[in-house]
Engineer: 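Let me give you the structure first, and then I'll get to my questions.
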There are 2 protein chains.
Amino acid sequence: MLSLAEENYLKSIYHLSDAGEKAVLTNELAEALNTKAASVTDMVKKLSTKEFISYEKYYGVKITGKGKSVALAVIRKHRLWETFLVQTLGFKWDEVHEVAEQLEHIKSTLLIEKIDEFLGYPQVDPHGDPIPNAQGKIKKLEKTALKNLATGSESTIVAVKDSDSNLLKYLEKIGAKPGKKLTVISKEEYDGSLQVAIESQHYFISKEVSENILVTL
Amino acid sequence: MLSLAEENYLKSIYHLSDAGEKAVLTNELAEALNTKAASVTDMVKKLSTKEFISYEKYYGVKITGKGKSVALAVIRKHRLWETFLVQTLGFKWDEVHEVAEQLEHIKSTLLIEKIDEFLGYPQVDPHGDPIPNAQGKIKKLEKTALKNLATGSESTIVAVKDSDSNLLKYLEKIGAKPGKKLTVISKEEYDGSLQVAIESQHYFISKEVSENILVTL
DNA sequence: CTACAAATTTAGACTCACCTAAAAAAATAT
DNA sequence: ATATTTTTTTAGGTGAGTCTAAATTTGTAG
Ligand SMILES: [Mn+2]
Ligand SMILES: [Mn+2]
Ligand SMILES: [Mn+2]
Ligand SMILES: [Mn+2]
């Protein structure tokens with residue numbers, strides 16, 4: 001049975017490695033987990049012994065199949081809980097992430113399967129992120145950050161960053177929800193800001209925000 | 001912010017003291033929490049410093065008002081989650097206690113109030129135990145153990161012990177649910193067993209079981 | 001009242017997850 | 001190629017919560 005800390009490390013490693021594609025460095029992990037590099041070194045040694053990751057000194061860590069399946073189970077729980085909170089209990093989409101960070105560690109297969117069933121097997125969470133199925137299979141969506149779109153291009157929002165409550169409140173206000181169509185009106189070279197149209201309304205969007213809106217290719 | 005261990009200690013102290021009526025001894029607490037007396041001594045010192053309990057060496061602990069309100073908040077969460085699991089997700093009443101032991105520690109006032117609202121402000125949990133309200137007020141029910149009833153007496157089941165899954169499965173089988181009427185047909189002095197009628201069906205009930213069925217006075 | 005037993009506390013140690021400071025390795029700049 | 005900076009690891013330590021074994025206090029029985 002994995003501890004809360006171990007689960008959080010594996011989840012972070014999974015995310016930072018782009019689903020296991022690339023190696024993750026000690027400092028990245030320390031940053032993401034709000035901890036110190038020395039603590040990370042300790043923990044990755046432990047996770048490596050348990051074979052959830054492979055660790056080579058000074059070169060970072062790679063997640064194993066075993067580690068991936070733990071990470072995906074946690075991510076599945078996180079996203080199902082967020083969906084439940086919004087759909088069933090009427091939470092706003094900016095209120096769910098913190099609570100889901102706790103709920104994702106509840107140990108009960110029965111519980112999460114019942115929630116999944118109750119919700120009608122949703123495919124994505126309230127922020128557009130895909131929900132892995134019980135076998136850990138996840139639909140990887142074709143997406144890019146809004147900031148990568150060329151002027152004039154049309155696209156559809158597929159997901160948004162879910163961990164910044166203020167960002168989410170702002171996105172709500174301008175109607176930037178997954179599923180919404182959007183057109184890039186203009187881009188400012190200087191600061192990376194851009195003008196977009198969402199449902200015929202025009203908005204100025206900062207570079208920072210444009211990095212956290214994911215759109216179809 | 002209280003730790004999981006601290007919350008569990010306070011909950012146990014509250015239960016073992018009959019809602020704060022009497023002092024709780026070190027060994028009782030060790031037994032209830034599945035730990036050792038030495039560990040309990042350490043923890044009660046800490047809780048005492050924080051004024052959740054008052055502790056006098058060798059004489060046990062008494063819960064304070066502050067401690068009671070923490071305990072009641074945890075008990076509220078436990079019982080609301082159990083109710084949710086049974087009513088909304090279709091868990092059986094013997095499947096919920098363990099999961100609720102985890103869920104009761106989720107920190108989010110919003111979450112528990114939403115659940116309460118979603119369930120329509122239930123008064124009792126699936127095992128008949130009263131649910132404290134958001135202010136920590138709890139309806140104390142007039143009840144006694146089935147074993148205390150005299151031969152021939154009629155009574156109604158108000159609650160059953162919720163932590164023993166096998167007991168609950170057995171009670172389910174004989175229809176011993178809160179709200180059900182029951183008559184004591186006969187009592188066996190020798191082993192404390194008794195014969196009862198539940199909805200005109202007769203059952204032999206061991207002393208042990210009769211201690212875990214609570215009925216109206 | 002004394003002896004023994006039971007309950008409780010103290011002492012010392014362990015694991016987990018974290019920390020700071022120092023050492024070492026790797027990356028970068030001159 | 002050497003010096004400097006950055007990254008990572010090692011060394012040593014902390015607090016929470018637990019443990020065992022030993023000491024102490026309280027309760028009970030003769
Ligand atoms: Mn989230
Ligand atoms: Mn999300
Ligand atoms: Mn319970
Ligand atoms: Mn219950």
Side-chain angles (χ1 to χ4, degrees), chain A residues 1-17 22-63 67 70-71 74 98 101-102 104-107, chain B residues 1-17 22-63 66-67 70-71 74 101-102 104-107:
Chain A
M1 184 114 309
L2 290 175
S3 71
L4 188 139
E6 289 171 321
E7 288 191 345
N8 282 335
Y9 269 84
L10 289 174
K11 185 169 57 123
S12 275
I13 293 167
Y14 180 88
H15 285 315
L16 293 171
S17 69
K22 54 181 200 201
V24 179
L25 305 177
T26 302
N27 271 357
E28 290 183 87
L29 216 34
E31 162 87 36
L33 290 162
N34 239 290
T35 184
K36 297 296 152 73
S39 310
V40 172
T41 303
D42 283 352
M43 182 58 100
V44 298
K45 278 180 186 167
K46 185 167 51 150
L47 289 173
S48 171
T49 309
K50 296 188 180 180
E51 300 190 299
F52 293 109
I53 59 179
S54 63
Y55 164 57
E56 217 184 326
K57 259 192 189 182
Y58 295 103
Y59 284 93
V61 302
K62 273 207 67 185
I63 196 161
V70 171
V74 175
E98 284 302 306
E101 286 290 306
Q102 298 178 60
E104 72 189 7
H105 300 289
I106 299 291
K107 262 107 178 153
Chain B
M1 185 115 306
L2 291 175
S3 72
L4 189 140
E6 290 172 321
E7 288 191 346
N8 281 336
Y9 270 83
L10 289 173
K11 186 170 56 124
S12 275
I13 292 168
Y14 180 87
H15 285 315
L16 292 172
S17 68
K22 53 182 200 199
V24 179
L25 305 177
T26 302
N27 270 357
E28 291 182 86
L29 217 34
E31 161 87 36
L33 290 162
N34 239 294
T35 182
K36 295 297 150 74
S39 311
V40 172
T41 302
D42 284 351
M43 181 58 100
V44 298
K45 278 180 185 168
K46 183 164 55 146
L47 290 173
S48 172
T49 308
K50 295 190 180 179
E51 300 190 296
F52 292 109
I53 58 178
S54 63
Y55 164 57
E56 217 182 328
K57 258 193 188 181
Y58 294 105
Y59 284 92
V61 302
K62 271 208 66 183
I63 194 161
K66 198 175 155 192
V70 171
V74 176
E101 285 291 307
Q102 297 178 62
E104 72 189 8
H105 300 289
I106 300 292
K107 262 108 179 154

Engineer: What is the minimum heavy-atom distance between Ile63(A) and Phe52(A), and which atoms define it?
Structural biologist: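 Residues Ile63(A) and Phe52(A), closest heavy atoms: CG1-O, 3.6 Å.
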
Engineer: Which listed nucleotide (dT10(D), dT10(C), dC18(C)) is nearest to the side chain of Lys45(B)?
Structural biologist: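 Side chain of Lys45(B) sits closest to dT10(C).
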
Engineer: Could you name each residue pair satisfying salt bridge (Lys or Arg N to Asp or Glu O under 4.0 Å) that touches residues 22-37 of chain B, not counting sequence neighbours?
Structural biologist: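 For residues 22-37 of chain B: Asp18(B)-Lys22(B).
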
Engineer: Considering residues at least two apart in sequence or located in another chain, which fulfil the side chain to side chain contact (heavy atoms under 4.5 Å, CB included) criterion with Ala5(A)?
Structural biologist: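 Residues passing side chain to side chain contact (heavy atoms under 4.5 Å, CB included) with Ala5(A): Ser3(A), Met43(A).
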
Engineer: Return the nearest nucleotide to the side chain of Ser39(A); candidates are dC19(D), dT9(D), dC19(C).
Structural biologist: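 Within the option list, the nearest is dC19(C).
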
Engineer: How about Val70(A) and Tyr9(A): do any of their side-chain heavy atoms sit closer than 4.5 Å?
Structural biologist: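 A side-chain contact is absent here, since even the closest heavy-atom pair is not under 4.5 Å.
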
Engineer: For Lys57(A), give me all partners under side chain to side chain contact (heavy atoms under 4.5 Å, CB included), at least two apart in sequence or on another chain.
Structural biologist: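 For Lys57(A) the side chain to side chain contact (heavy atoms under 4.5 Å, CB included) partners, ignoring immediate neighbours, are Tyr55(A).
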
Engineer: Please enumerate all residues that pass side-chain hydrogen bond (donor to acceptor under 3.5 Å, both in side chains) together with Lys62(B), with sequence neighbours excluded.
Structural biologist: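 Partners of Lys62(B) under the side-chain hydrogen bond (donor to acceptor under 3.5 Å, both in side chains) test: none.
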
Engineer: Send over the distance from Met43(A) CE to dT10(D) P, rounded to a whole Å.
Structural biologist: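 Going from CE in Met43(A) over to P in dT10(D) covers 17 Å.
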
Engineer: Quick one: Leu33(B) CG to dA16(D) C1', roughly how many Å, whole number?
Structural biologist: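 It is 16 Å, rounded to the nearest whole Å.
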
Engineer: At under 4.0 Å between heavy atoms, which parts of nucleotides 21-29 of chain C does protein reach? Answer with one letter per nucleotide, 5' to 3': B base, S sugar-phosphate only, - none.
Structural biologist: ----SS---

Engineer: Would you mind reading off the distance between Glu31(A) atom CD and dT6(D) atom C1', rounded to a whole angstrom?
Structural biologist: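 Taking atom C1' of dT6(D) as the reference, CD of Glu31(A) is at 15 Å.
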
Engineer: Lys45(B): which residues meet the salt bridge (Lys or Arg N to Asp or Glu O under 4.0 Å) condition with it, sequence neighbours left out?
Structural biologist: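 Residues passing salt bridge (Lys or Arg N to Asp or Glu O under 4.0 Å) with Lys45(B): none at all.
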
Engineer: Compare the minimum distances between each of dT20(C), dT18(D), dT8(C) and the side chain of Thr41(B), then state the nucleotide with the smallest one.
Structural biologist: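 Within the option list, the nearest is dT8(C).
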
Engineer: Tell me whether the side-chain N/O atoms of Tyr55(B) come closer than 4.0 Å to OP1 or OP2 in dT9(C).
Structural biologist: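 For dT9(C), OP1/OP2 do have a side-chain N/O of Tyr55(B) under 4.0 Å.
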
Engineer: To the nearest Å, give me how far apart CG (Asp42(A)) and P (dT20(C)) are.
Structural biologist: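 After rounding, the gap between these two atoms is 13 Å.
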
Engineer: For Glu28(A) and dT6(D), give me the distance from atom CD to atom P, rounded to whole Å.
Structural biologist: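 Atom-to-atom, Glu28(A) to dT6(D), this comes out as 18 Å.
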
Engineer: Does Thr26(A) put a side-chain nitrogen or oxygen below 4.0 Å from OP1 or OP2 of dT9(D)?
Structural biologist: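 For Thr26(A), the contact criterion (side-chain N or O under 4.0 Å from OP1 or OP2 of dT9(D)) is met.
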
Engineer: Would you kindly give the CD-to-P distance between Glu6(A) and dC18(C), to the nearest whole Å?
Structural biologist: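 After rounding, the reported distance stands at 10 Å.
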
Engineer: Just the rounded figure in Å: distance from P of dG27(D) to CG of Asn27(B).
Structural biologist: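 After rounding, the gap between these two atoms is 14 Å.
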
Engineer: Counting heavy atoms from C-beta on, name the nucleotide in dT20(C), dT8(D), dC19(D) closest to the side chain of Leu25(A).
Structural biologist: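 That would be dT8(D).
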
